[in-house]
Asker: 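Attaching a single structure in structure tokens format; questions to follow.
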Amino acid sequence: MKKRLGNAAVKTVLLLLGAAFCAPIPVLLSGSIMSRYELLQNLTPLTADGERFITWSFFPLWPTFAHYTKLLFQTPQFFIVFWNSMKLVACILLGQLLIAVPAAWAFAVYPFRFRRLLFTLYVVLMLMPFQVTMLSSYLVLDGLSLMNSHKAIILPAVFSTYPVFLVYRGFCSLPKGLIEAARIDGAGEWTIFAMLGLPLASGGILSAAVLGFLEYWSLIEQPLAFLKDQSLWPLSLYLPEISLEQAGYSFAASVITLIPAVFVFLSGREYLEQGIAASGLKE
């Protein structure tokens, strides 16, 4: 009986925490279809000097899709920043696929000299936050004349160490005997990599892609540090530029921004769980 009550209490706490974390989503959805007058009426206490609190209704009194209409059909700037985000994420993920996957295969399969030392260095670099490397990255990019261009965002991210670590764990799960058997049968290294490595470690590769999309879709610090021209900004920097008087457009833009991330997360949730589980395993 005590065990059942304990399990019920744990489930109740987890449900309440889950509801608290998911609460912003209903707020976004309701705010995006709320009329401008109702939004101003509810959010005015934010800028007032009084002690009133904001009010909110998850079911708007006068629902409207005017915010979506203006955002999608009368705001060219939104399409520019949306395309910038798509371009940045696509180039980064493609570059990581071309760089990180072969690097992870080399770390996992070939016993070259100083392999563990070099991989440890990779892990250390992975743990360093952007604030630590921001100045050195700025100096290098400025020396290469890449500042204020999308290359300043794409190139450092392409050579990120985290996807190497994640995909490496997937390759380590491959049976060594299977690779040796393929070599004995006369298969070349590229054939083994393409026909055995990639299919059997696809979970780690896809989990790295899902995590990469979720991270680079919401970049803020790197574009702020390396991009001066606002026409090059991604979608994540467009949202803070919307004022309180245009709160409806901000809610609508937030919903549209959220859709690709939710779609990618739900589509790759299984691979994401596999990649996270694999990254916690010891060699």
Side-chain angles (χ1 to χ4, degrees), residues 8-90 210-224 230-231 233-270 272-273:
V10 170
K11 291 180 180 178
T12 302
V13 172
L14 292 177
L15 287 174
L16 291 175
L17 290 175
F21 279 110
C22 294
I25 297 179
V27 172
L28 284 178
L29 294 175
S30 60
S32 66
I33 59 173
M34 195 175 291
S35 66
R36 183 174 180 272
Y37 172 77
E38 190 173 359
L39 280 171
L40 290 176
Q41 188 177 23
N42 293 337
L43 299 178
T44 296
L46 287 175
T47 56
D49 296 331
E51 298 181 355
R52 293 170 50 222
F53 295 97
I54 65 172
T55 58
W56 197 262
S57 173
F58 291 101
F59 300 97
L61 299 177
W62 303 285
T64 177
F65 290 95
H67 307 309
Y68 288 100
T69 302
K70 182 171 183 179
L71 188 68
L72 295 176
F73 299 102
Q74 302 176 18
T75 313
Q77 183 186 4
F78 179 79
F79 288 95
I80 293 175
V81 295
F82 189 89
W83 163 248
N84 289 340
S85 289
M86 293 295 294
K87 175 185 175 182
L88 290 173
V89 171
V210 172
L211 285 173
F213 182 92
L214 297 177
E215 177 183 359
Y216 298 116
W217 183 252
S218 56
L219 278 181
I220 292 181
E221 294 175 327
Q222 291 88 334
L224 277 176
Q230 294 189 6
S231 63
W233 280 6
L235 186 58
S236 54
L237 294 186
Y238 173 75
L239 299 181
E241 290 296 306
I242 301 177
S243 61
L244 182 61
E245 288 75 15
Q246 296 178 324
Y249 308 131
S250 180
F251 281 116
S254 298
V255 171
I256 296 175
T257 304
L258 186 64
I259 290 174
V262 172
F263 176 78
V264 170
F265 174 78
L266 294 178
S267 300
R269 181 176 55 184
E270 180 180 353
L272 185 60
E273 293 173 354

Asker: At their closest point, which heavy atom of Phe79 faces which heavy atom of Leu71, and how far apart are they?
Answerer: CE1-O, 4.1 Å
Asker: Which heavy atom in Lys70 sits nearest to a heavy atom in Thr75, and how many Å separate them?
Answerer: O-OG1, 2.8 Å
Asker: Which heavy atom in Leu88 sits nearest to a heavy atom in Pro234, and how many Å separate them?
Answerer: CD1-CB, 4.1 Å
Asker: Which residues pass the side chain to side chain contact (heavy atoms under 4.5 Å, CB included) test with Leu214, not counting sequence neighbours?
Answerer: Val210, Ala261, Phe265
Asker: Measure across Val255 and Leu28 and return the closest heavy-atom pair with its distance rounded to 0.1 Å.
Answerer: CG2-O, 3.8 Å
Asker: Which heavy atom of Ser85 sits nearest a heavy atom of Ser236, and at what distance?
Answerer: OG-N, 4.3 Å
Asker: Kindly compute the distance separating CG (Leu29) from CG (Leu258), expressed to the nearest 0.5 Å.
Answerer: 8.0 Å
Asker: Nearest 0.5 Å, please: how far is CG in Asn84 from CD in Gln230?
Answerer: 12.0 Å
Asker: For the pair Trp217 and Phe213, name the ring-plane relationship: parallel under 30°, tilted 30 to 60°, perpendicular over 60°.
Answerer: parallel
Asker: With Val81 as reference, evaluate Thr257, Leu237, Leu235 under the side-chain contact (heavy atoms from CB on, under 4.5 Å) test and give the passing residue.
Answerer: Leu235
Asker: Taking all heavy atoms of Ser32 and all of Tyr68, pick out the closest pair and write down the distance.
Answerer: OG-OH, 2.7 Å
Asker: What I'd like to find out is whether the side chain of Phe78 reaches to under 4.5 Å of the side chain of Ile256, using heavy atoms alone.
Answerer: yes
Asker: Is there a side-chain contact between His67 and Leu39 in this structure, where contact means two heavy atoms from C-beta onward sitting under 4.5 Å apart?
Answerer: yes
Asker: For Val264, is there any backbone N or O sitting under 3.5 Å from a side-chain donor or acceptor partner on Ser267?
Answerer: no
Asker: Tyr216: what forms a ring-ring contact (aromatic ring centres under 6.0 Å, His included) with it, not counting sequence neighbours?
Answerer: none
Asker: Show your reasoning for whether side chain to side chain contact (heavy atoms under 4.5 Å, CB included) applies to Ile80 and Trp233.
Answerer: CA-CA 9 Å; Ile80 293 175; Trp233 280 6; over 6 Å; no
Asker: Nearest 0.5 Å, what's the OH-CG distance between Tyr249 and Leu72?
Answerer: 12.0 Å
